[in-house]
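Here the structure is a predicted model, which means the values were calculated and not measured.
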Amino acid sequence: MKPLRSVAIFGAVGALVAGIALPAYAATKPAEAATTVQQLAAVDAQSLVVASQATAAPLARGTFTATTPEEIAKKKAEEAAAARAAAAAKSSAAASNFSTAGYALVSPGSGEVRYPLPGGSYSQGRTIGGGHNGADMLAPAMTPIYAAAAGVVRASAESIGGYGVCVMIDSVVGGQRVQTTYGHMTYGTRQVQAGQTVAAGQLIGFVGSTGRSTANHLHFEVWINGGLVEPYSWLAANAG
């Protein structure tokens, strides 16, 4: 009986020890809820853990740029058109901002000043500004060019720098010294030579696209007493 009683006593003591120790052991084990998203990602890098509050955001078409060749070509064309429109507006604004005080040297229609191209044969291109010293009068090749005022031909050559085929004339208009330049003429079409006296409205050459030019036009410059003036306004004030 003594051995049995000893076994029973030891069993009771073991149960008591286990009942006391197990809660303490459980308290020292990390809780599953304490595991972080970073820890989960480190264990399985291909897993994606998303918070329950996350919501899907719609992707608008305007939030990304053109990617197909057609879209890229269309975008470039639109940008080029906008750039051309801006340049034209800038040129027009520059012309309207010029002060024309002192431009009227003679009475309009007197004949002392003539338009260098026939009426209705050209359209107005850019004018002076940004390093461009003249007005571009856009006209078909071989449109006749006339002297804007009577004077003496200062220069006439098949190549004068960026002007290409060019004629330059020194005149006196309304008592003021006026110099006019006619650039980008067609090769072999000059009708006057340096030192020659010309009359207002005399044929001096034909429109072309020589020198630094990308299209047929007359590059027309006007200088009064050594100062550059806006050609379209000067013609309007003096030629009528």
Side-chain angles (χ1 to χ4, degrees), residues 87-156 160 163 165-186 189-192 194-208 213 215-240:
K90 183 177 180 181
S91 177
S92 177
S96 64
N97 288 334
F98 284 114
S99 171
T100 58
Y103 273 31
L105 305 181
V106 294
S107 299
S110 68
E112 289 190 57
V113 174
R114 309 283 186 88
Y115 279 88
L117 296 181
S121 69
Y122 68 94
S123 58
Q124 293 187 3
R126 65 173 178 164
T127 187
I128 64 174
H132 188 250
N133 291 336
D136 288 345
M137 306 176 77
L138 311 178
M142 298 304 293
T143 299
I145 302 171
Y146 305 104
V152 177
V153 178
R154 174 162 49 94
S156 176
I160 300 180
Y163 296 113
V165 181
C166 180
V167 170
M168 299 178 178
I169 300 175
D170 291 336
S171 307
V172 175
V173 180
Q176 305 299 311
R177 182 166 49 90
V178 177
Q179 297 172 312
T180 51
T181 297
Y182 312 78
H184 307 316
M185 293 182 183
T186 297
T189 64
R190 289 176 297 113
Q191 303 296 303
V192 295
Q196 182 177 338
T197 299
V198 297
Q202 181 175 331
L203 179 67
I204 61 174
F206 293 85
V207 169
S213 171
N216 292 310
H217 70 282
L218 168 64
H219 175 89
F220 180 60
E221 292 183 12
V222 180
W223 300 73
I224 298 178
N225 295 325
L228 181 66
V229 301
E230 201 283 304
Y232 292 129
S233 299
W234 183 77
L235 288 171
N238 294 276

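Using a 4.5 Å heavy-atom threshold, the side chains of Ile204 and Tyr182 count as touching. Between Ile160 and Met168 the shortest side-chain heavy-atom distance falls below 4.5 Å. Side-chain atoms of Tyr122 and His217, non-hydrogen and from C-beta on, never get closer than 4.5 Å to each other. Between Arg114 and Tyr146 the shortest side-chain heavy-atom distance does not fall below 4.5 Å. Looking only at side-chain heavy atoms (C-beta outward), Val172 and Val178 stay at 4.5 Å or farther from each other. A heavy-atom distance below 4.5 Å is found between the side chains of Val113 and Trp234. Looking only at side-chain heavy atoms (C-beta outward), Ile224 and Leu105 come within less than 4.5 Å of each other. A 4.5 Å side-chain heavy-atom check between Pro231 and Ile128 finds at least one atom pair inside the cut-off.
The structure places CD of Glu112 at 8.0 Å from OG of Ser107, a figure rounded to the nearest 0.5 Å. Atom-to-atom distance recorded for Tyr115:OH and Asn238:CG is 9.5 Å, nearest 0.5 angstrom. Taken to the nearest 0.5 Å, the OG1 atom of Thr127 stands 10.0 Å off from the CE atom of Met137. How far CG of Asn225 is from CD of Gln176: 4.5 Å, rounded to the nearest 0.5 Å. Between Arg190 atom CZ and Ile145 atom CD1 the span is 12.0 Å, to the nearest 0.5 Å.
Contact record, Ser121 with Leu117: OG-CB, 3.8 Å, taken as the closest heavy-atom pair. Across Gly111 and Ala200, no two heavy atoms sit closer than the pair O-CB, 3.7 Å. The two atoms that bring Asn216 and Pro140 nearest to each other are CB-C, 4.3 Å, heavy atoms only. Thr181 and Cys166 get closest at one heavy-atom pair: CG2-SG, 3.7 Å. The two residues Ala150 and Ser171 come nearest to each other via the heavy atoms O-OG, 2.7 Å. Shown here for Thr180 and Ala148, the closest heavy-atom pair between the two residues is CG2-CB, 4.4 Å.
Classified by interplanar angle (parallel below 30°, tilted 30° to 60°, perpendicular above 60°), the ring pair His219/Tyr163 is tilted.
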(request) Decide side-chain contact (heavy atoms from CB on, under 4.5 Å) for Phe220 and Leu235; before the verdict, give the C-alpha distance in whole Å, the side-chain angles of both, and the deciding distance to 0.1 Å. (result) CA-CA 11 Å; Phe220 180 60; Leu235 288 171; 3.9 Å; yes

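For Thr186, the side chain to side chain contact (heavy atoms under 4.5 Å, CB included) test picks out Met142, Thr189, with sequence neighbours left out.
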